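Worksheet: the structure to be examined is printed underneath.
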Amino acid sequence: MAKPVSIEVWNPNGKYRVVSTKPMPGTRWINLLIQQDCRVEICTQKKTILSIEDIIALIGDKCDGVIGQLTEDWGEELFSALSRAGGKAFSNMAVGYNNVDVNAANKYGVAVGNTPGVLTETTAELAASLSVAAARRIVEADEFMRAGLYDGWLPHLFVGNLLKGQTVGVIGAGRIGSAYARMMVEGFKMNLIYFDLYQATRLEKFVTAYAEFLKANGENPVTWKRAASMDEVLQEADLISLHPILDKTTYHLVNKERLSKMKKEAILINCSRGPVVDEVALVEHLRHNPMFRVGLDVFEDEPYMKPGLAEMKNAVVVPHIASASKWTREGMATLAALNVLGKIKGYPIWSDPNRVEPFLNENVPPPAACPSIVNAKALALPVSKL
């Protein structure tokens, strides 16, 4: 088979051929595949994003399944190529799958896996880190220090925002949004306002219980409020973190009009999806409102930033690292591999894709199930009774 891109091969005599378009953290995912008689081929090409042609070459004439990445465009061409090679499984090493044409996968009978449940706390922690970094101007101060500009303490030097007693706004109070809210409420004694189509009952109970604890210890209790609209959150909160899904209703959710409704010294955090924010409008808002700050982990046209964003001192920007803790990334690799392996072996679908601990426990074999297949219903795949 022609190999125009470089690969690393594990268990060359394995019965099933599984391709990974990128090296992934840890080795457990490789070992789990090898133990089930898989030949594992890992693309080692020094190329950040593989083209469709590169991936078709990797798939070749016989391929049982592929583990891919969020940066790849999985549509008609790739699913057709995978189907021709006999493949029935593809898994993103990601919780999102905006890069996947699920309808095309359905057409060719390919199961599409993703990796939810493993990155909730890690993503929430990065959102909290960006919140503190933006509020206290840590990146600006670090650059100032490294440039040798510090010549003594001054009363106005890098004055930022105190979070304690302020209001944190959360848009999208699902697993990650709620985890972030708990961190900010308990860690910094912030009041909470949130907007979600569904009531976050567990989050509300948490804040209520924490308020009672503070009151019992002679401190001012924190408060919570479920907003009637997203605009209400933007107008009232001092710190806003975005945690919605990305679809046609949330594209450019934060635009010029909505930015104008926020407080002049507000902080905006985005660790969800880049196109949720109109980045051009954001750059203009940052330019005209120097006390407004943002912390961004995702961007509208990744891997690129819109012109001017990199020059904004009131922006903290990091390269899509919300899930980049060792435990989480190794867990994502394991779940992605088990999605592919499970489909190859004919396993049913795990009943709760957010309860992934049984798959990540290295001391016992993982359940005989696919952790998360997003098109399981469309393909009429059975659900595990485990």
Side-chain angles (χ1 to χ4, degrees), residues 70 94-98 114-135 163 167-188 190-204 206-207 224-255 258-259 262 266-279 282 293-300 302 316-318 320-325 328 332 353-354:
L70 192 64
V95 63
Y97 49 96
N98 302 106
N114 69 334
T115 63
V118 70
L119 41 69
T120 298
E121 298 297 327
T122 303
T123 304
E125 282 184 5
L126 186 80
S129 300
L130 288 173
S131 300
V132 177
L163 296 177
T167 298
V168 59
V170 173
I171 295 172
R175 294 180 305 277
I176 296 172
S178 289
Y180 167 82
R182 291 194 302 269
M183 291 176 188
M184 304 311 292
V185 169
E186 186 177 19
F188 299 96
M190 300 188 77
N191 299 310
L192 170 68
I193 181 171
Y194 80 92
F195 174 73
D196 198 289
L197 296 177
Y198 303 96
Q199 185 174 5
T201 306
R202 290 183 63 188
L203 175 59
E204 292 174 0
F206 174 89
V207 180
W224 65 265
K225 176 183 179 182
R226 183 185 178 192
S229 68
M230 192 184 85
D231 288 353
E232 187 179 354
V233 176
L234 297 176
Q235 290 167 351
E236 293 189 18
D238 304 287
L239 164 66
I240 297 101
S241 191
L242 306 174
H243 299 280
I245 60 169
L246 175 62
D247 59 22
K248 62 183 180 181
T249 69
T250 59
Y251 176 80
H252 282 190
L253 194 68
V254 176
N255 51 27
R258 284 185 161 140
L259 285 165
M262 299 175 67
I267 298 167
L268 178 67
I269 305 297
N270 188 16
C271 290
S272 59
R273 294 288 182 266
V276 167
V277 177
D278 180 344
E279 213 167 290
L282 178 63
R293 302 188 191 97
V294 296
L296 303 174
D297 179 54
V298 289
F299 306 89
E300 193 170 350
E302 281 188 38
V316 179
V317 291
V318 295
H320 205 148
I321 58 170
S323 65
S325 69
T328 295
M332 292 167 70
N354 293 304

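Predicted model only: the values in this text are computed from it and were never measured.
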What are the two closest heavy atoms between Ala227 and Phe195, and how far apart are they?
O-CD1, 3.6 Å
Taking OH in Tyr97 as the centre, count heavy atoms belonging to other residues, nucleotides or ligands within less than 6.0 Å. Is the count above 12?
no
Could you check if a side-chain atom of Ile240 sits within less than 4.5 angstrom of a side-chain atom of Leu234, using non-hydrogen atoms only?
yes
Any sub-3.5 Å donor-acceptor pair from Ser129's side-chain atoms to Glu125's backbone N or O?
yes
Determine the minimum heavy-atom distance between Ala173 and Asp196, stating which atoms define it.
N-OD2, 2.7 Å
For Ala181, is there any backbone N or O sitting under 3.5 Å from a side-chain donor or acceptor partner on Tyr194?
no
Euclidean distance, Tyr180 OH relative to Ser131 OG, rounded to 0.5 Å
3.0 Å
If you define the side chain from C-beta out and look only at heavy atoms, does anything of Leu268 sit under 4.5 Å from Leu242?
yes
Any side-chain heavy-atom pair from Met184 and Val170 closer than 4.5 angstrom?
no
Kindly state each residue pair satisfying salt bridge (Lys or Arg N to Asp or Glu O under 4.0 Å) with at least one member in residues 171-181, sequence neighbours excluded.
none
Close side-chain approach of Ser241 and Val168, heavy atoms under 4.5 Å:
no
Nearest heavy-atom contact between Pro244 and Thr250 is CB-CG2, 4.2 Å
Pairs in or reaching into residues 177-187: which pass salt bridge (Lys or Arg N to Asp or Glu O under 4.0 Å), with residues at least two apart or in two chains?
Glu121-Arg182
Looking at every non-hydrogen atom in both residues, tell me the closest pair between Leu239 and Leu163 and how far apart they are.
CD2-CD2, 4.2 Å
Val318 vs Leu126 side-chain heavy atoms within contact, under 4.5 Å:
yes
How long is the straight-line distance from CE of Met190 back to CE of Met183, given to the nearest 0.5 Å?
14.5 Å
Provide the closest heavy-atom pair for Thr122 versus Ala322 in the form atom of the first, atom of the second, distance.
CG2-O, 3.0 Å
With rounding to the nearest 0.5 Å, note down the distance linking CD in Gln199 to CD in Glu204.
4.0 Å
Over all heavy atoms of both residues, which pair between Ala134 and Arg293 is shortest? Give the atoms and the distance, please.
O-CD, 2.9 Å
So Met332 and Ser323, do their side chains get closer than 4.5 Å, heavy atoms only?
yes
In Å and rounded to the nearest 0.5 Å, what is the CZ to OH distance from Arg273 to Tyr251?
15.5 Å
Are the side chains of Trp224 and Leu203 in touch, meaning some heavy atoms are under 4.5 Å apart?
no
Go through the steps to decide whether Leu296 and Leu282 satisfy the test side-chain contact (heavy atoms from CB on, under 4.5 Å), and finish with yes or no.
CA-CA 11 Å; Leu296 303 174; Leu282 178 63; 3.8 Å; yes
Please confirm whether the backbone N or O of Ile321 pairs with a side-chain atom of Asp297, one donor and one acceptor, at under 3.5 Å?
yes
Salt bridge (Lys or Arg N to Asp or Glu O under 4.0 Å): pairs with one or both residues in residues 227-244, sequence neighbours excluded:
Lys225-Glu232, Lys225-Glu236, Asp231-Arg258, Asp231-Lys261, Asp238-Lys263
Of Val298, Leu253, Ile171, Ile245, the one forming a side-chain contact (heavy atoms from CB on, under 4.5 Å) with Val276 is Leu253
If you round to the nearest 0.5 Å, how far is CD1 of Ile176 from CG of Leu119?
5.5 Å
